[in-house]
Amino acid sequence: MGFFLETLLGGLMAGMLYSLVALGFVLIFKASGVFNFAQGAMVLFAALAMARFSEWIPQWLGLESKLLGNVLAFFIAAGCMFILAWLIERLVLRHLVNQEGVTLLMATLGITYFLDGLGQTIFGSDIYPIDVGMPKDPVFLFENVFEGGVLVNQEDIIAAVIAACLVAVLSLFFQKTSTGRALRAVADDHQAAQSIGIPLNRIWVIVWCVAGITALVAGIIWGSKLGVQFSLTTVALRALPVIILGGLTSVPGAIIGGLIIGVGEKLSEVYLGPMVGGGIEIWFAYVLALVFLLFRPQGLFGEKIIDRV
Amino acid sequence: MSTTPTIVLNVNGIEVIYNHVILVLKGVSLNVPEGKIAAILGGNGAGKTTTLRAISNLLKGERGEVTKGSIELRGERIENLSPADLVNRGVVQVMEGRHCFAHLTIEENLMTGSYTRTDKAEVARNLEKVYNYFPRLKTRRTSQAAYTSGGEQQMCAIGRALMANPSVVLLDEPSMGLAPQIVEEVFEIVKDLNTKEKVTFLLAEQNTNMALKYADYGYIMESGRIVMDGAASDLRNNEDVKEFYLGMGGGERKSFKDVKSYKRRKRWLA
Amino acid sequence: MSKKIGDVILDVQNISLRFGGVKALTDISFNVKEHEIRAIIGPNGAGKSSMLNCINGVYQPQEGQITFRGQHFKHMNSRQVAEMGIARTFQNLALFKGMSVIDNIMTGRNLRMKSNLFLQALRIGPAQKEEEKHREFVEHIIDFLEIQAFRKTPVGQLPYGLQKRVDLGRALAMEPQVLLLDEPMAGMNLEEKQDMSRFILDVNDEFGTTIVLIEHDMGVVMDISDRVVVLDYGKKIGDGTPEEVRNNEEVISAYLGTSH
Amino acid sequence: QAKEQFFPVLVYRTGAYAPNGVPFANGYVDYLKLVNARGGINGVKVSWEECETGYATDKGVECYERLKGKGATVFQPLSTGITFALTEKAPVDKIPLITAGYGRSESADGGVFKWNFPLAGTYWVAGDVIIQDIAKKEGGAANLKGKHIALVYHDSPFGKEAIPILQERAAMHGYKLSLLPVTHPGVEQKSTWLQIRRDRPDYVINWGWGVMNSTLLKEAQATGYPREKIYGVWWAGAEPDVKDVGMGAKGYNAITMQHGTEKGSAVVKEVLEKLHAKGQGTGPKEEVGDVLYMRGLFSAMFAVEGVRQAQEKFGKGKVVTGEQARWGYENLNLTQAKLDALGFKGVLRPISTSCQDHMGANWARIHTWDGTKWNFSSDWYQADEQIIKPMVKAAADKYAAEKKLTRRAASDCGS
Amino acid sequence: MFYRENGQFKTSYRADQQIFPIAQDRWAILALIAFAFVGVPMLADEYLFRAILIPFLILALAALGVNILVGYCGQISLGSGAFMAVGAYMAYNTYIRIDGMPLIVALLAGGFFATLVGMFFGIPSLRVKGLYLAVATLAAQFFCDWAFLRIGWFTNNNASGSVSVSNLQVFGMAIDTPLEKYLFCLAFLVVFALLAKNLVRSAIGREWMAIRDMDVAAAVIGIRPMYAKLSAFAVSSFIIGVAGGLWGFVHLGSWEPAAFSIDRSFQLLFMVIIGGMGSIMGSFFGAAFIVLLPIFIERISLLVGLSTAAAAHMTFMVFGALIVWFLIVEPHGLAKLWSIGKQKLRLWPFPH
Ligand SMILES: Nc1ncnc2c1ncn2[C@@H]1O[C@H](COP(=O)(O)OP(=O)(O)OP(=O)(O)O)[C@@H](O)[C@H]1O
Ligand SMILES: Nc1ncnc2c1ncn2[C@@H]1O[C@H](COP(=O)(O)OP(=O)(O)OP(=O)(O)O)[C@@H](O)[C@H]1O
Ligand SMILES: [Mg+2]
Ligand SMILES: [Mg+2]
């Protein structure tokens with residue numbers, strides 16, 4: 001029982017982290033109809049920037065304070081993400097207005113390659129730590145109830161809280177503001193949105209920038225857990241079942257989807273895995289998402305797929 | 001009206017090529033005077049839509065480009081402005097084929113039209129005005145645009161453009177798919193806005209009858225060229241126009257039943 | 001008019017269709033006789049397109065049934081409908097944008113093509129012959145609709161009016177007994193409408209195809225149709241010859257206005 | 001122009017495995033530079049060209065094809081996947097493969113794998129020695145009975161290589177072995193560690209590569225599993241694996257391929273002096289002598305020494321072909337004296353190969369991370385030939401049967 | 001001037017239905033094929049064969065398969081790598097488990113099993129669409145990766161989970177040298193390209209395209225979405241499966257599941273989109289682009305004196321940038337660019 005609870009908790013925490021990455025996908029898709037495969041690369045790029053600047057800045061400025069170094073690095077990394085967003089709009093999206101989804105998707109794959117190369121060129125391809133003072137050691141709850149207690153990581157809890165806040169803010173933004181409405185309009189029809197004066201260019205910069213900062217937050221959390229290294233891009237693959245399960249267009253869906261996937265894959269790996277030799281969690285997550293899709297093709301909270309003649 | 005009105009829109013000899021190879025407009029020039037209604041008429045594929053797209057700068061998304069000529073709005077060259085800039089300058093296009101935002105409700109669709117405006121109260125008033133023009137929209141305000149009928153979507157598209165409080169409206173086939181009395185209403189609305197709020201209109205229309213009835217000036221287009229232009233009243237009385245576009249050759253309206261099995265083709269261009 | 005109108009071929013009985021709270025159709029009944037041109041008119045959002053969608057199985061009405069050639073159906077299934085010989089065109093152009101005109105129209109023949117995947121892959125013998133045979137038929141339609149010049153153009157690049165013609169061609173290629181046309185003349189000028197009318201009349205005359213037509217141009221409707229159904233807010237408010245409908249008070253106030 | 005002995009160098013300096021690929025490549029190239037600085041192989045200068053594989057098999061094959069045309073002496077793919085693919089190609093092209101410490105364990109059997117040289121150790125050696133050390137800690141192999149060992153492995157042929165030997169030993173000693181695969185690249189280990197939390201195995205063996213290793217240690221820390229009870233394979237026991245975990249990895253053990261961090265060794269001093277001091281070194285100076293750097297360094301040394309050996313037979317001071325070099329690798333005889341002369345005193349033990357034995361040595365030690373550096377924590381171990389030999393032979397025979405190969409005749413050995 | 005269809009009148013529909021209705025095209029393609037079979041063998045060296053031409057041919061074949069599904073039927077799939085893997089592993093099992101199994105039959109059997117798996121994973125496409133489907137197909141990818149690693153039967157219980165084949169023979173002739181391998185793959189490619197072309201210009205091809213362009217309308221004219229989609233999955237995964245078999249048997253000789261990882265799926269999708277969706281020719285362009293370009297960029301970067309790492313990073317960046325650039329220039333891929341080029345040529349020297 002204690003172990004079940006622990007697995008459940010572990011799943012929820014992992015799920016929250018997936019959600020954070022999924023959020024970036026959803027934001028961009030919702031606001032521009034682009035399925036941004038570069039999200040993983042953006043997480044890596046942002047995390048690399050954060051890791052390296054937090055190392056370099058104290059060196060350059062001769063700072064003693066780690067906190068100050070981290071804060072400065074955060075802002076510089078955020079600045080990098082802004083510049084990146086701006087460049088992507090300028091050089092890529094602007095020229096692909098009104099193109100089909102797959103074309104846009106491929107363009108983001110192109111961006112992925114580019115970022116992978118660029119990130120490693122500027123920041124190196126070693127493993128770099130991000131130390132924002134997250135507590136690393138475990139705490140044990142209910143030690144008197146279950147044998148061995150229930151283990152939780154403070155780090156995970158902090159991450160989950162941050163993710164939850166981010167989501168709350170972003171969903172409010174999308175549902176309640178006129179910019180949010182405009183973003184949804186853009187996703188539906190680029191041209192029509194242009195025709196009524198929605199400035200696609202500015203909107204895209206904003207959205208990619210927000211997604212970039214989400215990526216930065218995700219990158220910091222993941223990076224502080226795992227270290228920043230090229231493999232961070234693969235967390236994107238973990239987030240994909242989350243978004244299709246939650247629905248490509250739903251911010252809360254990213255969270256609920258994340259939790260379901262997180263819990264589902266941990267439970268499956270821990271309880272079913274040993275029967276078939278283990279290592280099933282990744283495909284199990286996808287199959288889980290797929291099964292949900294069979295009942296709701298638009299995901300749990302996604303906008304209904306419209307087909308009408 | 002003896003003083004010559006100022007020209008808002010001046011299109012000067014533009015050529016448009018799609019996909020780098022398909023030459024569609026072959027030197028089109030037209031003028032739209034301030035506060036007037038101008039109509040572009042012409043058959044399928046004549047290039048009406050393309051002309052409007054060229055003006056509102058929506059060609060890029062269709063992989064088309066203006067290769068020659070110039071377009072001026074109140075004396076300012078606008079070829080390099082973004083569509084959003086144009087809306088800020090008061091030029092709004094109602095696109096052919098409706099293009100409502102499928103996932104947004106009718107009301108949200110209309111509200112996106114007011115994206116460029118800041119005064120909330122005024123926007124609310126404007127929304128009421130649109131609902132007044134199209135009561136049908138009000139009853140469907142909460143349904144997603146994709147699930148409304150063709151005509152409702154057309155109304156929504158027109159209404160949405162009006163929400164931007166434009167000074168120049170480019171209307172592409174506003175009457176398409178609308179019931180007869182709605183068509184009339186739409187043209188009445190156009191006239192109304194034109195006279196009361198001095199909104200300038202450039203419309204592309206197939207419904208020549210209606211268009212010439214409400215427009216001040218008409219351009220007739222064929223295969224990418226303007227082949228005839230003149231005051232609407234003149235065009236209405238032109239024999240050729242009468243025959244080809246108004247169906248009144250020989251003074252009388254022919255029944256659609258009798259067109260059977262014979263075919264005429266007379267064109268200004270071979 | 002020497003046309004002989006036959007028995008009832010399609011009978012729509014008490015159809016009701018709802019989408020959530022929206023009542024698109026309420027208790028609609030009407031019939032279509034063989035060889036006739038039957039128009040459906042009504043204001044925007046009256047439920048005309050929905051009616052066609054019910055007939056050819058895109059929508060499933062909650063109530064009512066449809067009888068086609070004596071067979072009763074509660075729900076139709078698109079494929080079944082197509083096999084029985086009902087074809088249609090669409091209001092919002094549902095062409096296959098990436099395909100050429102010929103290919104679009106050829107899809108209309110697909111139901112009649114029998115050779116299997118392997119023969120098609122090898123393209124030998126029967127498969128080749130079949131392809132040619134149908135191609136010939138399609139060429140007739142292309143000639144008939146006068147779109148020879150655009151044979152190989154992807155339809156997405158054609159102007160709106162021609163796309164409507166291709167849409168018609170695709171439906172014709174099915175050699176249907178009943179042809180459902182949803183606003184075939186929207187977005188056309190007079191001359192083109194005349195052409196279109198001519199096509200419709202020819203089809204009706206030469207192939208004996210029964211036609212159900214939705215159209216907002218009263219001139220066309222009144223001129224070419226034999227009988228007219230009028231819908232308003234999902235209800236039937238009139239049914240009869242053009243003459244009768246034209247003089248029906250309710251129809252005038254709901255739809256026609258005074259000027260017609 | 002004097003002809004040069006050409007060494008292709010397959011590297012991965014980018015991608016998921018770059019943190020480990022880079023120091024290895026630096027060491028490898030530095031050694032080749034050193035050889036030239038020392039005057040070549042009996043006067044024959046060496047030349048080399050790097051080709052980036054990104055740890056991807058098809059890229060590796062492309063590199064192989066590209067470089068083999070330039071007169072390649074020997075390939076060292078540093079990737080199990082590429083090794084598998086090249087194992088099929090090398091015999092055709094008559095180019096030997098050195099896979100020091102990786103690749104197929106059964107390729108130690110020179111009777112079947114004529115062109116493969118898993119010099120100085122295979123995975124079965126590594127697995128065997130780890131169990132020996134555990135047994136020692138437990139006070140003898142008999143005490144292993146009823147113990148529980150978990151193998152956390154990279155879910156790929158590389159990771160799975162460990163399974164047979166551990167199972168073999170499990171059958172002998174009666175410990176329970178559980179297998180916990182981790183999917184590439186290894187950043188997701190939460191459920192693995194949940195299982196470890198539940199089962200509380202006595203030991204965890206880490207068969208990882210790249211980022212999987214540091215992730216594993218972080219997860220161990222997060223679950224509070226004692227690092228002292230974790231053993232890594234020699235690809236999981238270098239600085240990049242533990243550096244950013246720091247104190248969190250204190251106590252973690254890893255098997256060494258004979259050497260550890262060897263900053264004090266003669267060869268490292270020579271590299272620093274002859275190359276880095278002149279600005280000709282590869283990579284950062286601080287990393288010279290690190291574990292993977294040393295691995296690269298001695299891998300290159302093997303490649304070179306095989307050529308030197310071949311020259312004995314085919315002509316001193318001449319460039320040898322791949323085929324001739326193969327003979328050299330098959331007849332390596334690196335005595336302690338030779339090794340010491342090359343600067344590997346205290347780093348390596350003697351290695352001598354033969355027609356049947358393409359491995360040449362099966363010694364290993366354990367080193368332990370103290371939070372800042374690796375320290376040796378055990379004596380030398382030798383893998384148990386009694387166990388491994390039959391396994392190698394059986395596996396090699398199976399391979400031969402599948403490929404319809406016949407074992408090399410004794411007469412073939414001399415060639 | 002010389003590239004005109006003027007004066008070439010078709011007197012029968014058969015003539016008009018040819019794959020290349022324009023005579024110049026016909027000659028050009030025949031010459032190209034002849035060159036591939038005769039000229040290339042005389043010119044190419046071993047590196048070209050083994051590192052470039054053979055991978056190109058096999059990947060072009062796989063891309064062809066993907067194009068049928070993605071380009072013609074509009075079902076975006078990221079599971080192609082998995083179908084290749086199924087083809088390779090099942091061909092392997094057929095080959096070693098049945099004595100005297102001919103190579104070609106084994107490869108086709110691999111294709112057959114890929115078809116079964118492909119159709120199974122195609123079932124969701126009846127309900128799930130677009131990007132949702134794309135992501136869902138990754139389930140196939142990860143599942144197959146896992147299955148081939150975990151289930152011993154597939155690898156003939158090989159401890160390490162990798163398999164290998166050798167001594168390939170066709171009709172008693174050894175397929176050993178690069179040249180023989182090249183010709184073997186080329187023959188496969190030519191035959192499959194022809195068959196595929198036939199399919200896409202037949203009724204079934206039109207059904208696929210109809211489903212792609214507008215599935216509701218397709219249903220109304222009597223096309224069964226289930227049949228069309230599943231047949232596309234079947235044909236596509238058959239071809240991909242055969243390509244997978246070739247990749248394992250002919251190109252690698254020995255492989256592990258990582259050879260057919262998700263990266264391969266992306267790579268194939270790339271080829272199709274860069275090459276041109278819904279174009280057989282496009283698959284070839286795409287494969288050439290994706291196979292050659294990185295090698296080319298890397299070579300250039302090395303030539304200008306970049307270090308290996310810098311060159312690799314540069315390759316990534318330039319490659320990524322080029323992809324984006326091509327998409328901007330022509331979202332419909334190289335094949336479209338090619339046809340625009342031809343159109344211009346036809347008009348030359350009198351544009352418009
Ligand atoms: N995106 C495009 N790509 C290629 N050609 C196009 C494109 N859009 C339009 N065309 C071509 O340009 C010509 C003019 O088209 P346009 O849509 O401007 O005509 P139109 O006058 O608006 O016709 P309609 O009354 O049918 O709407 C047509 O021949 C059409 O085939
Ligand atoms: N799939 C659907 N979901 C929800 N509502 C629908 C759906 N289809 C149609 N409706 C609603 O049903 C009503 C009738 O629509 P329909 O398209 O049949 O109208 P119509 O008579 O064809 O009008 P128009 O002349 O404008 O095309 C409309 O109010 C429309 O919003
Ligand atoms: Mg138009
Ligand atoms: Mg309708």
Side-chain angles (χ1 to χ4, degrees), chain A residues 2-4 6-7 9-11 13-14 17 51 116-117 120-121 124-131 135-140 148 150-156 222 224-235 237-238 262 265-271 273-274 277-283, chain D residues 12-23 54-55 152-155 159 178-200 210-225 239-248 284 287:
Chain A
F3 179 67
F4 177 79
E6 201 172 306
T7 310
L9 264 175
M13 299 300 166
L17 292 186
D116 284 349
Q120 294 187 72
T121 306
S125 36
D126 220 333
I127 304 186
Y128 305 101
I130 288 183
D131 184 3
K136 298 284 180 194
D137 286 310
V139 286
F140 296 90
V150 172
L151 176 150
V152 288
N153 283 111
Q154 288 163 281
E155 188 176 19
D156 285 353
W222 280 90
S224 122
K225 268 177 76 75
L226 303 176
V228 182
Q229 204 270 325
F230 186 79
S231 309
L232 214 51
T233 52
T234 55
V235 301
L237 287 178
R238 294 278 173 168
E265 69 177 24
K266 297 306 169 230
L267 287 179
S268 72
E269 181 69 53
V270 169
Y271 288 103
I280 65 171
E281 61 182 311
I282 181 137
W283 65 259
Chain D
Y12 33 100
R13 293 177 180 275
T14 66
Y17 298 95
N20 304 56
V22 172
Y55 203 68
V152 179
Y153 65 99
H154 190 271
D155 202 359
S178 45
L179 303 177
L180 300 171
V182 170
T183 331
H184 157 96
V187 283
E188 186 56 51
Q189 297 182 20
K190 190 147 203 141
S191 31
T192 312
W193 286 88
L194 277 166
Q195 277 164 283
I196 289 174
R197 261 280 289 166
R198 177 184 55 185
D199 304 342
R200 303 198 168 87
V211 74
M212 170 176 167
N213 297 328
S214 58
T215 307
L216 180 131
L217 289 168
K218 286 173 192 157
E219 289 285 357
Q221 183 185 12
T223 26
Y225 190 87
E239 286 79 2
D241 303 321
V242 287
K243 213 168 40 188
D244 78 317
V245 197
M247 290 309 285
E287 288 177 11

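Within every chain, numbering begins at 1; the chains are lettered A, B, ... in the order of the sequence lines, protein sequences first and strands thereafter. A quick note: this is a predicted structure, and the numbers were derived from the prediction, not measured.
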With respect to chain D, which residue among A:Lys225, A:Gln154, A:Lys266, A:Glu265 yields the maximal number of heavy-atom pairs within a distance under 4.5 Å? A:Lys266
Does any part of the side chain of A:Trp222, heavy atoms only, come nearer than 4.5 Å to the side chain of D:Val187, both counted from C-beta? no
Heavy-atom proximity to chain A below 4.5 Å, by part of D:Ser214: side chain
Need one label for A:Thr234: side chain, backbone, both or neither, based on atoms under 4.5 Å from any heavy atom in chain D. side chain
Using non-hydrogen atoms and a 4.5 Å limit, figure out which bit of D:Leu180 sits close to chain A: side chain, backbone, both or neither. neither
Go through D:Arg198, D:Gln195, D:Gln221 and name the one with the most non-hydrogen pairs under 4.5 angstrom from chain A. D:Arg198
Counting only heavy atoms closer than 4.5 Å, note whether A:Asp126 contacts chain D via side chain, backbone, both or neither. both
Side-chain donor-acceptor contact under 3.5 Å, A:Ser224 with A:Glu155: yes
Tell me the closest heavy-atom pair linking A:Gln229 and D:Ala16, and the distance in Å. NE2-O, 3.0 Å
Could you tell me if the side chain of D:Pro19 sits less than 4.5 Å from the side chain of D:Val211, heavy atoms only? no
Tell me, for A:Asp131 versus chain D, whether the close heavy atoms (under 4.5 Å) come from the side chain, the backbone, both or neither. neither
Per-residue contact mode, D:Arg200 against chain A (heavy atom under 4.5 angstrom): side chain
Looking only at heavy atoms and a cut-off of under 4.5 Å, which of D:Pro185, D:Ala222, D:Pro240, D:Gly21 has the most pairs with chain A? D:Ala222
Quick test of your reading of the model: are D:Lys190 and A:Glu281 salt-bridged, counting only N-O distances below 4.0 Å? no
So, do A:Arg238 and A:Ile282 sit near enough that their side-chain heavy atoms are less than 4.5 Å apart? yes
Relative to the ring of D:His184, is the ring of D:Tyr17 parallel (under 30°), tilted (30 to 60°) or perpendicular (over 60°)? tilted
If you count heavy-atom pairs within less than 4.5 Å of chain A, which of D:Pro181, D:Gly15, D:Ser178 leads? D:Gly15
